[in-house]
Amino acid sequence: MNLFNSALGNNITFVHPAYFIISGLSGIQEMTYYYVFLCFVYIVSVLGNTAVMAVIYLDHNLRTPKYIAVFNLAFVDLFGSSALMPKLLDIFLFSHRYVPYNDCLTFLFFCYTCLSMQSFNLVALSYDRLIAIIYPLHYQVKVTHRFMLSFIASFWVFVIIAVLIAVGLLTRLSFCNSVVINSYFCDHGQIYRLACNDHFPNYIVSCLYPVLIFWLPFLFILLSYLYIGCTLAKVATIQEGLKAFKTCIAHLSLVAIYFIPVLITFTLMEKIHPNARIINLSLTSIFPPMLNPIIYVLQTQEIKQSVKRLLKIRGKSKIIKK
């Protein structure tokens with residue numbers, strides 16, 4: 001982080017507080033039950049995403065480009081939940097609301113990185129479905145293991161650089177008065193508004209990043225499915241179209257669960273009560289990671305068959321040992 005400040009010259013001094021105080025969800029009664037509920041959701045999320053990653057790793061039939069993206073989605077969900085939830089519970093359930101300055105920026109980095117990667121993972125899965133349905137004969141050539149790995153790696157690089165820039169710009173701010181963050185974590189928008197010097201670059205980032213990280217991916221996914229629908233309507237029968245579209249149901253469910261709450265919250269940010277915004281964002285951060293593995297297990301035939309095969313193999317091995 002000092003790299004961002006050294007370029008500005010040695011004569012510039014920034015006032016950084018020793019800590020920030022996380023004060024979200026204040027004034028609401030019986031919030032302990034909400035935190036316990038989030039803890040339960042977190043446990044289900046960890047178990048579900050670990051199970052999906054284990055199934056993909058153990059079953060060689062799932063070593064396909066599509067499931068590279070699914071594995072990465074499960075990894076991001078697991079990593080993101082583990083970056084957010086233990087700290088959130090420590091802050092609110094155990095009243096450790098004082099977060100050291102550097103710890104707060106680190107917390108922000110990991111939360112925003114994982115939240116952003118969820119969006120781009122859905123883009124990767126959308127592209128996979130687009131090529132599989134529109135160009136089925138060229139799918140093996142266009143969507144290879146190497147392509148999907150490079151595709152996802154490029155998203156990781158972009159997101160990490162983007163979030164590092166946002167965090168680096170925060171280190172250029174001075175905090176002279178309040179250090180109270182009205183959110184459930186070290187929220188970028190809440191932090192830069194506390195600054196007592198010019199925070200215009202941070203304001204630009206807060207306007208630009210939702211477009212790049214949420215709106216553009218959502219637009220790409222929307223256009224992809226519109227193109228798929230139009231193409232199927234022209235060249236396929238109703239039964240063939242429905243059969244092809246069934247392969248997209250799991251992905252469309254994930255898109256709806258992730259994007260609808262996020263886009264509503266970011267679009268109506270100023271019009272929503274702070275506590276309502278915080279609850280909505282906290283649920284958006286923790287619910288998709290819990291639901292993603294459940295949706296893929298219930299609606300994806302390959303995962304169902306893989307789980308059955310693995311259970312049969314395990315059952316046979318137990319019988320042989322006996």
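This is a predicted model, so every value here is computed, not measured. Index from 1, following the sequence.
Looking at heavy atoms from C-beta onward, T171 lies out of side-chain contact with F14 at the 4.5 angstrom threshold. Residues L149 and I68 are in side-chain contact: their nearest non-hydrogen atoms beyond the backbone lie under 4.5 Å apart. For the pair K66/M148, no side-chain contact is recorded, criterion being any heavy-atom separation below 4.5 Å from C-beta on. Counting heavy atoms from C-beta on, the side chains of I249 and S253 come closer than 4.5 Å. Side-chain contact between Y139 and D128 is present, with at least one heavy-atom pair separated by less than 4.5 Å. By the 4.5 Å heavy-atom criterion applied to side chains, L283 and F37 are counted as neighbours. A 4.5 Å side-chain heavy-atom check between I257 and I295 finds at least one atom pair inside the cut-off. Two residues are said to be in side-chain contact when any heavy atoms from C-beta on lie closer than 4.5 Å; Y184 and I91 fail this criterion.
Rounding to the nearest 0.5 Å gives a distance of 11.0 Å between CG of L169 and CG of L164. For the atom pair CG of N292 and OH of Y258, the computed distance is 10.5 Å after rounding to the nearest 0.5 Å. For the atom pair CD1 of I286 and CG of L281, the computed distance is 13.0 Å after rounding to the nearest 0.5 Å. Atoms CG and CZ, from L58 and R309 in turn, are 12.0 Å apart once rounded to the nearest 0.5 Å. In this structure, CG on L108 lies 6.5 Å from CG on L170, to the nearest 0.5 angstrom. Here the CG atom belonging to L89 is positioned 9.0 Å from the OH atom belonging to Y42, to the nearest 0.5 angstrom.
Cluster membership for Y33 and F40, using ILVMFWY side-chain heavy atoms within less than 4.5 angstrom, is not shared. There is a path of hydrophobic side-chain contacts, each under 4.5 Å, that joins I204 to L194. Hydrophobic clustering (ILVMFWY, side-chain heavy atoms < 4.5 Å, transitive): V157 and L216 are in one cluster. When the side chains of ILVMFWY residues are joined at heavy-atom separations under 4.5 Å, either directly or via intervening members, L47 and F287 end up in two distinct hydrophobic clusters. In this structure, Y57 is a member of the same hydrophobic cluster as V76, with clusters built from ILVMFWY side-chain heavy atoms closer than 4.5 Å.
Within the 3.5 Å criterion, the main-chain N or O of L122 finds no donor-acceptor partner in the side chain of S126. For N49 (side chain) and P289 (main-chain N/O), a donor-acceptor pair under 3.5 Å exists by modelled atom type. In this structure a side-chain-to-backbone donor-acceptor pair under 3.5 Å is missing from H199 to R193. Under the 3.5 Å distance criterion, the side-chain polar atoms of N197 are matched with a main-chain donor or acceptor of R172. Here the side chain of Y209 pairs a donor or acceptor atom with the backbone of A162 at under 3.5 angstrom. N121 places a side-chain N or O within donor-acceptor distance of the main-chain N or O of M117, the cut-off being under 3.5 Å. Side chain of S206 to backbone of Y203: a donor-acceptor contact under 3.5 angstrom is found.
When every heavy atom of M85 is checked against every heavy atom of C39, the shortest pair comes out as CE-N, 4.0 Å. Nearest heavy atoms, V211 versus P217: O-CD, 4.3 Å. Nearest heavy-atom pair across H16 and L173 is CD2-O, 3.3 Å. Closest approach of I181 and I191 over heavy atoms only: CD1-CG1, 3.6 Å. The nearest pair of heavy atoms linking F109 to V163 is CD1-CG1, 3.5 Å. Scanning both residues, V159 and S116, for their nearest heavy atoms gives CG1-CB, 3.7 Å.
Annotation: F20 is in aromatic contact with F175 [ring centroid separation under 6.0 Å]. With ring centers used as reference points, H188 lies under 6.0 Å from Y192. Taking the six-membered ring where the residue is Trp, the centroids of F120 and F158 are separated by under 6.0 Å. A centroid separation of less than 6.0 Å is found between the aromatic rings of F155 and F151.
Relative orientation of the F185 and F107 rings is perpendicular, given thresholds of 30° and 60° on the angle between their planes.
Environment of NE2 in H145: crowded, with over 12 heavy atoms of neighbouring residues, nucleotides or ligands closer than 6.0 Å.
A disulfide is not assigned to C186 and C111, since their SG atoms are no nearer than 2.5 Å.
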Residues I21, Y98; criterion side chain to side chain contact (heavy atoms under 4.5 Å, CB included); working and verdict: CA-CA 5 Å; I21 302 171; Y98 290 76; 3.7 Å; yes
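Of the residues F259, Y225, Y127, the one that meets the ring-ring contact (aromatic ring centres under 6.0 Å, His included) test with H251 is Y225.
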